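Comments concern the structure below.
Just so you know, these numbers use all the heavy atoms, side chains as well, and skip hydrogens, waters and symmetry mates. What you see is a predicted model, and the numbers here were worked out from it, not measured in a lab.
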Amino acid sequence: MTKHLKMGLKIILILGFLLSMQNVFAKPAKSTKKAKKPAVVATKVETVAVPKDTIIVQLTKGTVTTKDMDFKVSKLHPMYQSRYKTVEGQKQVVEAILQEELFYIESLEQNYQNKPEVLEAIKIAQKPILNEKFYQKEIVDKVKIDDKDINQYYQNNKGKFTIPPSIKIRHLQVQTQEEANLVKSLIDKGNNFEELIAQHSTNKYSKDKKGIIENIRHNGYITGIGRDEALDNLIFSSTTNGKIESIQTETGFHFIQKIEQVDEQIKELDAVKKDIASQLKMSKERELYDSLINKLQKDYNIVINNDYIKTTDFLSIHPEEFNNIVINSSVPELVYDAKRTFFLLKNRYQMEKMNVENPEARKLAIMDDLNGSLVYYYAISKGFDKTIADDIEMIKSAKSVMVRMVYQAEVTDQAKISDSEIIEYYNAHKDAYKERAYREIRQFTFQTEKQANKTRKKAAKLIKKGNEEKIIDLLRKESNNVDKDGLLSPIYNNGIVPTYGNDVEYNKMAIEIKEKEVSPIFKNNRGEYVFFYLVRITEEKQKPLEEVKLSIQSNAQRRKATEIFKAKLEEYRAKYVVSEHYELLKTKVTANELFDLAEDAQKKNSYRDAVIYYDQIIKEFTNGVDDYKAWFMKAFIFSENMNNKDEAIRLYKEMLKKWPNGELNDSASYMIDHITNGEDETFILSE
């Protein structure tokens with residue numbers, strides 16, 4: 001069967017499918033045949049809400065519930081949440097939670113909660129959470145702003161709430177003195193200004209708005225024109241509405257007509273009340289915080305070596321200087337030596353892209369960390385850590401640290417790759433570490449064959465002599481396309497030409513051309529007349545082991561870690577999972593939303609995902625319409641996209657048996673015959 005006919009078949013099937021689906025939801029059309037009663041009575045299945053505390057997985061020490069699942073999904077970006085409303089999506093979320101729970105239980109079994117290095121890591125992870133909650137309790141919650149404060153601030157700062165005057169004009173702009181003289185003469189003759197704008201203005205912005213420019217604020221900037229102090233001054237010196245005035249400035253020749261002026265106003269208190277309250281609250285919070293920091297610095301005898309901070313690039317500091325004191329204190333936990341400062345700044349530099357080589361930025365980073373340490377030590381001394389010991393964020397933070405550290409020990413640290421393994425892998429896969437041979441050519445392009453012939457003769461002489469400088473000069477003068485001086489690289493033996501894409505003939509010529517030869521003139525896939533010559537050949541080269549060692553090691557460690565991780569999950573499941581109840585999950589989307597998800601998956605060639613969505617429809621929407629349509633599409637994917645003909649035939653046959661009077665049954669029967677006996681061109685042509 002020809003490719004054309006095969007494509008025709010697919011189009012016919014899809015059209016037939018869409019038409020049939022329209023008939024499913026529409027009223028029955030009149031027919032010469034007597035309609036048979038459907039064998040299956042459609043029954044609408046409503047989505048069932050699952051109680052929030054439903055246990056999906058029971059573990060020896062804990063559970064995974066629908067509440068846990070919903071919380072996890074709620075933390076995702078809204079645009080990603082819909083994909084986890086399907087049963088399969090929910091199952092993925094539960095599995096992710098379960099994996100974390102399994103490693104957490106294992107960490108408890110191994111007594112991680114009492115290991116000094118784990119406790120230190122938990123303290124570091126919880127520090128910003130504790131500080132934030134302490135700030136909320138001791139600063140934010142103590143600041144109260146009343147109407148008296150707001151009113152007093154408003155009366156004392158009315159100037160901050162003024163709306164500057166603004167003017168609305170009608171505007172015409174031209175670029176030359178000749179055009180300006182013409183426009184002025186037409187204005188003097190009484191011609192309509194709006195019509196003149198439509199006929200003569202060269203300013204697209206104002207012309208598209210019939211010359212109107214609004215909200216001009218006397219700040220030297222005019223929307224649609226840009227910065228123009230002289231024009232701005234003219235607009236605000238004009239006192240007469242309707243009068244047309246003109247001026248020449250750096251931006252052109254302007255004619256303006258003042259239409260409306262709004263004088264300076266002061267916003268009413270009610271309009272700015274919320275803004276004032278927010279501003280006052282932030283200001284008072286800052287005052288309280290700064291006061292607390294100053295108090296703590298005195299209480300803990302903080303001494304900051306400002307000169308040392310200013311003159312020292314800690315990222316380049318020698319280890320011999322690590323014991324130098326940067327910040328001293330009577331509290332050992334608050335002493336910053338150069339080593340502590342080095343790691344602090346290195347973290348800021350790498351994680352926050354902070355330029356800590358700059359003295360001001362460096363000082364800011366150190367003081368910010370010191371302030372956090374002061375608040376943290378003070379909060380701990382007041383027993384605040386015990387006050388919030390049951391806080392969910394603190395618990396989750398500690399749990400996350402324990403999971404991460406047991407994963408490091410049980411998976412990452414076990415996935416080490418030896419040098420002998422790297423060498424063995426490299427020797428077994430040497431072909432994968434070769435730099436392919438490629439060519440570079442220089443092409444000349446022209447609109448006509450005559451131009452190409454004329455230039456080719458000149459170029460051939462220069463190419464024969466190998467005079468690259470003069471060749472490039474010629475190309476720049478004669479060729480239509482001088483981008484990169486006509487150089488196309490790299491050209492591999494793969495039917496592709498850089499910037500032009502698939503062009504088998506062009507690629508073949510580039511691969512076969514010899515040195516100092518000039519190709520014949522031909523048309524490329526853009527319709528240009530082209531000739532080219534060979535600039536350079538780079539032969540195939542084996543990459544040395546040292547060059548690819550890190551890549552091999554990284555990939556091998558990742559593969560090994562994945563294998564270990566899967567094995568550990570199976571081990572922990574056997575040890576800690578009591579029961580799983582995924583059958584309790586219910587879809588949270590409509591059938592139409594599932595069909596949309598399946599269609600998106602098909603467009604991305606994610607056919608297995610599409611099948612999962614169709615399976616979900618079949619399971620959750622057994623109404624003789626949605627499940628029927630999903631069944632057909634599932635079979636079609638197995639046949640046409642996944643090349644699983646046996647499964648497609650099984651599904652089509654089961655569909656015919658389950659819905660003997662379905663609208664798509666003719667298409668299903670044809671597909672069975674089409675798969676079993678080959679393609680029938682007569683059928684296509686008759687259609």
Side-chain angles (χ1 to χ4, degrees), residues 2-4 6-7 422-555 605:
T2 66
K3 185 178 179 182
H4 177 73
K6 192 168 184 179
M7 182 61 72
I422 294 171
I423 294 168
E424 183 181 348
Y425 186 88
Y426 174 76
N427 289 332
H429 300 84
K430 275 193 170 182
D431 286 347
Y433 299 105
K434 286 182 178 178
E435 291 181 0
R436 290 186 294 164
Y438 67 90
R439 292 181 163 216
E440 297 176 48
I441 64 170
R442 198 182 308 280
Q443 71 164 7
F444 289 71
T445 62
F446 305 91
Q447 291 298 315
T448 68
E449 191 173 9
K450 183 178 179 181
Q451 289 175 307
N453 271 313
K454 182 180 177 182
T455 306
R456 185 180 181 278
K457 291 176 183 177
K458 297 177 186 176
K461 293 178 182 178
L462 296 173
I463 292 165
K464 194 171 183 179
K465 294 177 181 178
N467 195 327
E468 282 292 301
E469 189 176 331
K470 289 188 176 179
I471 294 169
I472 291 170
D473 286 341
L474 178 66
L475 183 139
R476 290 172 180 172
K477 291 176 185 175
E478 305 290 343
S479 179
N480 282 349
N481 186 351
V482 296
D483 185 41
K484 297 181 181 177
D485 290 331
L487 197 67
L488 298 181
S489 175
I491 298 178
Y492 300 103
N493 189 5
N494 59 1
I496 296 173
V497 178
T499 77
Y500 292 91
N502 289 322
D503 195 324
V504 176
E505 290 303 316
Y506 193 167
N507 179 267
K508 184 181 178 183
M509 284 192 286
I511 295 300
E512 292 179 352
I513 197 167
K514 294 180 175 60
E515 288 186 43
K516 297 192 176 181
E517 276 188 0
V518 184
S519 76
I521 294 167
F522 62 97
K523 269 191 176 183
N524 62 21
N525 57 11
R526 294 182 185 174
E528 302 166 319
Y529 289 94
V530 174
F531 67 83
F532 67 88
Y533 70 97
L534 179 66
V535 175
R536 188 178 296 105
I537 299 175
T538 300
E539 300 292 350
E540 183 178 80
K541 179 185 175 185
Q542 180 71 48
K543 293 181 182 178
L545 173 60
E546 287 306 312
E547 186 178 324
V548 297
K549 184 177 180 179
L550 287 178
S551 173
I552 293 173
Q553 184 180 40
S554 175
N555 291 332
N605 298 329

- Evaluate whether atom CD of E540 has more than 12 neighbouring non-hydrogen atoms of other residues, nucleotides or ligands under 6.0 angstrom away. yes

- Message: Other residues, nucleotides and ligands only: do more than 12 of their heavy atoms fall within 6.0 Å of CD on E517?
- Response: yes

- Note on the structure: One should read off an interatomic distance between K484 NZ and T499 OG1, to the nearest 0.5 angstrom, of 8.0 Å

Residues 458-468, side-chain donor-acceptor partners within the protein, below 3.5 Å, at least two apart:
unit_1	atom_1	unit_2	atom_2	d
N467	OD1	K470	N	3.2
E468	OE1	R442	NH2	2.8
E468	OE1	Y533	OH	3.2
E468	OE2	Y533	OH	2.9

- Note on the structure: Of all heavy-atom pairs linking Y426 and K543, the shortest is OH-O, 2.5 Å

- Message: Any donor-acceptor pair under 3.5 Å linking the side-chain atoms of Y425 with those of Q553?
- Response: no

- Task: Kindly indicate, with the supporting measurements, whether the criterion side-chain contact (heavy atoms from CB on, under 4.5 Å) is fulfilled by Y500 and L488.
- Result: CA-CA 10 Å; Y500 292 91; L488 298 181; 4.0 Å; yes

- Query: Between T445 and S479, what is the shortest heavy-atom contact and its length?
  - Reply: N-OG, 3.1 Å

- Item | Smallest separation among heavy atoms of N502 and N525, with atom names | O-ND2, 3.5 Å

- Taking atom NZ of K541 as the centre, does the number of heavy atoms from other residues, nucleotides or ligands within less than 6.0 Å exceed 12? no

- Heavy-atom nearest pair, I537 first then R439, reads CD1-NH2, 3.5 Å

- L475 CG to K477 NZ distance, which is reported to the nearest 0.5 Å: 11.5 Å

- Passes side-chain contact (heavy atoms from CB on, under 4.5 Å), Q447 versus Y529? Steps please. CA-CA 6 Å; Q447 291 298 315; Y529 289 94; over 6 Å; no

- Pairs meeting criterion ring pair (Phe, Tyr, Trp, His ring centres under 6.0 Å) with involvement of residues 457-488, two or more places apart: none

- Closest non-hydrogen atom pair, E449 against I521: CG-CG2, 4.4 Å

- Task: Give me the one residue out of V548, N427, L545 that meets side chain to side chain contact (heavy atoms under 4.5 Å, CB included) with I422.
- Result: L545

- Is there a donor-acceptor pair under 3.5 Å between the side chain of R536 and the backbone N or O of Y438? no

- Heavy-atom closest contact (P498 atom, I491 atom, distance): CD-CG1, 3.6 Å

- Taken to the nearest 0.5 Å, the spacing of E440 CD from T538 OG1 works out to 5.5 Å

- Item | Between CD1 on residue I441 and OG on residue S519, distance to nearest 0.5 Å | 7.5 Å

- Message: When you compare the side chain of I496 with that of D503, does any pair of heavy atoms fall below 4.5 Å?
- Response: no

- Task: Would you check if the side chain of N524 reaches a backbone N or O of R526 as a donor-acceptor pair within less than 3.5 Å?
- Result: yes

- Under 3.5 Å donor-acceptor, S554 side chain and L550 backbone: no

- Is the side chain of N481 donor-acceptor paired with the backbone N or O of G486 at a distance under 3.5 Å, no angle test? no

- Task: Could you tell me whether a side-chain N or O of E512 sits under 3.5 Å from a main-chain N or O of M509, the two making a donor and an acceptor?
- Result: no

- Do E547 and E435 have side chains that get closer than 4.5 Å, going by heavy atoms? yes

- Task: For the pair R456 (side chain) and V530 (backbone), establish whether a donor and an acceptor sit closer than 3.5 Å, ignoring hydrogens and angles.
- Result: no

- Item | Residues, nucleotides or ligands: over 12 heavy atoms within 6.0 Å of K434 NZ | yes

- Candidates F444, F446, F531, Y506 - the one meeting ring pair (Phe, Tyr, Trp, His ring centres under 6.0 Å) with F522: Y506

